[in-house]
K.L.:
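There's a structure below that I have some questions on.
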Amino acid sequence: MKISIGNIFKGDKVIWMIFLFLCVISLIEVFSSSSSLTYDKASYWGPIVKHGAILGMGLALMVVVQNIDCKYFKVATIFLIIISFILLIWVGLVGETTNGAQRWVSVMGIQFQPSEIAKGTIVLAVAQILSAMQTEDGTEEKTFKYVLYITIPLAMLIGVENLSTAMLICMVVVGMMFYGRVSLRKIGKLIGFVAILGVVALIFILAVGKSETTPDGKNSLTEQTAVVEAPKSSNPLQKIFHRADTWKGRILKFISNEEVAPDQFDLDKDSQIGHANIAIASSGIIGKGPGNSEQRDMLPQAFSDFIYAIIIEELGLLGGIFVMFLYIFLLWRAGRIADRCVNNFPAFLVMGLALMLVCQAMFNMMVAVGLAPVTGQPLPLISKGGTSTIINCIYIGAILSVSISAKKKEPRTAVN
């Protein structure tokens, strides 16, 4: 087969344009915000070359996936469910710990987070369940139960070490059920139950989690938020809830109304929030220009969790709004693709994947501007990453596959 640009850039052109814009922004901003990595590795080009190679690998896999007929994705569902369960149990038992979280496993020297695979697996499985149980008046009565059978066990395994990701995928599943015409009464009951469960979990975390205190025993904002990682223990309950200290610190930091004067703000303990706020506050409308960030050297995870703050600092409020609308356009375009599908499975799949990417992006941006507690969610396709970037590219490839191979509705013709 003759290889040409047309054979590579197939599928929905708007999705391709959004993807390429995000990649260009990623290369510029990761290069700018990786000064700490450059210093640590004593290599000026090393971090960006590695990131570019990962994006290139992701692009290659995206092209491969877009050329797979979307109907064959169903075949992979059962295998991905089994693999996800095995990997999540594996990471819970012997996973590698980074930044206090045991989320990584290594296979043949490649380190990755099983939760990234599990997210897509849940979306794929839910899309298949919803499509198989559609009726003229909505879905069958058992659909809701089957969706929960798949979602809850995987989400619980994810949530032990990555609570924000578990919450994110549950939100996506609720959105998919709403789009898939599951009974609103059942969805409402589920939301009510989750809200009650959330309150109970919040009380439990605040009761079990620990925070540091001053020598006189009094708590302050910075001292409440400086959490202590629980030591490793053979006790199963302690192993499951060892992240409670971190969760408590983040919650207290977010809900606290204590005003801290600028000269009393502790940039050592609250460096992420402090330097992110400085970056955003000093940006202006058009920013300082690419490569001119002043906070990148002091902001932890400037190239990952808080890259949106660096984007605003360098590209201004206009740049931040532009990035936000790229994700909104991605969701809108996915909706257009889904609306044109004759069959239900590709429509539910494309909407689920788009919801997952966009919800994660919104979480990341809300954290950067102080509208949500710190979650550790990277900005999809922009933040510096490894296998998470590659897997996100695969998700985009699946969306493009639907735009290419899914049977489309005939365009309506005007009747005279």
Side-chain angles (χ1 to χ4, degrees), residues 5-34 37-38 45-67 112 116 120 287 289-291 293 296 301-316 318-334 337 350 353-354 356-365 368 377-404:
I5 296 296
N7 288 333
I8 296 176
F9 296 100
K10 296 192 296 184
D12 190 271
K13 298 301 185 289
V14 176
I15 297 292
W16 266 108
M17 289 298 296
I18 293 171
F19 172 78
L20 293 175
F21 268 122
L22 292 174
C23 287
V24 170
I25 293 171
S26 176
L27 289 170
I28 293 172
E29 295 304 324
V30 168
F31 186 40
S32 175
S33 59
S34 295
L37 291 179
T38 299
W45 292 102
I48 192 60
V49 168
K50 181 179 178 180
H51 182 61
I54 290 173
L55 280 176
M57 187 182 303
L59 174 62
L61 290 173
M62 188 176 85
V63 172
V64 171
V65 173
Q66 77 166 2
N67 284 285
F112 65 95
E116 294 295 328
S293 169
R296 61 191 174 191
Q301 300 297 316
F303 48 82
S304 180
D305 299 353
F306 281 83
I307 196 170
Y308 190 62
I310 302 301
I311 290 173
I312 295 177
E313 183 185 13
E314 295 191 347
L315 304 182
L318 292 178
I321 292 172
F322 176 72
V323 170
M324 179 182 67
F325 273 102
L326 283 177
Y327 290 105
I328 293 174
F329 287 147
L330 174 63
L331 182 60
W332 170 78
R333 195 61 186 180
I337 295 171
V350 75
L353 293 175
M356 182 170 61
L357 291 170
V358 175
C359 286
Q360 181 176 331
M362 294 302 160
F363 261 118
N364 176 278
M365 290 185 279
Q377 292 291 332
L379 193 57
L381 301 172
I382 291 184
S383 291
K384 184 181 184 300
T387 50
S388 62
T389 297
I390 293 174
I391 291 173
N392 285 333
C393 290
I394 291 174
Y395 294 156
I396 295 291
I399 293 174
L400 289 170
S401 171
V402 171
S403 72
I404 296 169

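Throughout, numbering of the chain's residues begins at 1 and tracks the sequence.
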K.L.:
Using a 4.5 Å cut-off on heavy atoms from C-beta on, say whether the side chain of S403 contacts that of I337.
P.N.:
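Touching, per the 4.5 Å side-chain cut-off.
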K.L.:
So, taking the atom named CG in L55 and the one named CG in L381, what distance separates them when rounded to the nearest 0.5 Å?
P.N.:
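Rounded to the nearest 0.5 Å, the CG-CG separation comes out at 8.0 Å.
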K.L.:
For I54 and M57: C-alpha separation, side-chain torsions, deciding distance, then whether side chain to side chain contact (heavy atoms under 4.5 Å, CB included) applies.
P.N.:
CA-CA 5 Å; I54 290 173; M57 187 182 303; 5.7 Å; no
K.L.:
Is the shortest side-chain heavy-atom distance between I28 and L315 below 4.5 Å?
P.N.:
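They are not in contact (no side-chain heavy atoms under 4.5 Å apart), so the answer is no.
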K.L.:
Whether the side chain of Y327 engages the backbone of M362 through a donor-acceptor N/O pair (distance < 3.5 Å, no angle test) should be reported.
P.N.:
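Absent.
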K.L.:
Looking only at heavy atoms, what is the nearest atom pair of L379 and N364, with distance?
P.N.:
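L379 and N364 have their closest heavy atoms at N-ND2, 3.4 Å.
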K.L.:
Report the C-alpha separation of I307 and K384 in whole Å, then their side-chain angles, then the decisive distance to 0.1 Å, and conclude whether the side chain to side chain contact (heavy atoms under 4.5 Å, CB included) test is met.
P.N.:
CA-CA 9 Å; I307 196 170; K384 184 181 184 300; over 6 Å; no
K.L.:
Nearest 0.5 angstrom please: I18 CD1 to K13 NZ, how far?
P.N.:
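Nearest 0.5 Å value for the CD1-NZ distance: 13.5 Å.
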K.L.:
Which heavy-atom pair separates K10 from Q66 by the least distance, and what is that distance?
P.N.:
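Nearest pair, atom of K10 first, then Q66: O-OE1, 3.3 Å.
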K.L.:
Taking all non-hydrogen atoms of both residues into account, name the closest pair between A354 and L331 and its distance.
P.N.:
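Scanning both residues, the minimum pair turns out to be CB-CD1, 4.0 Å.
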K.L.:
So, does Y308 use its side chain to make a donor-acceptor pair with the main chain of M324 at under 3.5 Å?
P.N.:
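No, the answer is negative, given that no donor and acceptor are paired below the 3.5 Å cut-off.
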K.L.:
With under 30° as parallel and over 60° as perpendicular, where do the rings of F19 and W16 fit, or are they tilted in between?
P.N.:
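F19 and W16: perpendicular rings.
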K.L.:
What donor-acceptor contacts under 3.5 angstrom involve side-chain atoms of residues 20-27, with partners at least two apart or in another chain?
P.N.:
unit_1	atom_1	unit_2	atom_2	d
S26	OG	H51	NE2	2.7
S26	OG	I382	O	2.7

K.L.:
What's the shortest heavy-atom distance between S293 and E313, and which atoms?
P.N.:
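Closest pair (atom of S293, atom of E313, distance): OG-OE1, 2.5 Å.
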K.L.:
For a 4.5 angstrom cut-off between non-hydrogen side-chain atoms, does I328 reach V358?
P.N.:
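With C-beta onward as the side chain, the pair stays apart.
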K.L.:
Once you round to the nearest 0.5 Å, how far does CD1 of I15 lie from CG of L330?
P.N.:
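Here the rounded value is 5.0 Å.
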K.L.:
Atom CZ in F329, atom CZ in F322: separation rounded to 0.5 Å?
P.N.:
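So the CZ of F329 and the CZ of F322 are separated by 8.5 Å.
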K.L.:
Looking at S383 and P378, would you say the former's side chain and the latter's main chain have a donor-acceptor pair under 3.5 Å?
P.N.:
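No, S383 side chain to P378 backbone: no donor-acceptor pair under 3.5 Å.
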K.L.:
With side chains defined as the heavy atoms from C-beta onward, is the minimum distance between M356 and L353 less than 4.5 Å?
P.N.:
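A side-chain contact exists here, since the closest heavy-atom pair is under 4.5 Å.
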K.L.:
So which atom in E314 and which in G291 form the shortest heavy-atom distance, rounded to 0.1 Å?
P.N.:
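Smallest heavy-atom distance, with atoms named: OE1-N, 3.1 Å.
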K.L.:
With a 4.5 Å heavy-atom cut-off, do E116 and T387 have their side chains touching?
P.N.:
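No; the side chains remain at least 4.5 Å from each other.
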K.L.:
Within the 4.5 Å heavy-atom criterion, are N392 and I396 side-chain neighbours or not?
P.N.:
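No, every pair of side-chain atoms sits at 4.5 Å or beyond.
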K.L.:
Can you see which heavy atom on I404 is nearest to which on G11, and at what distance?
P.N.:
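For I404 versus G11, the nearest heavy atoms are CG1-CA, 3.3 Å.
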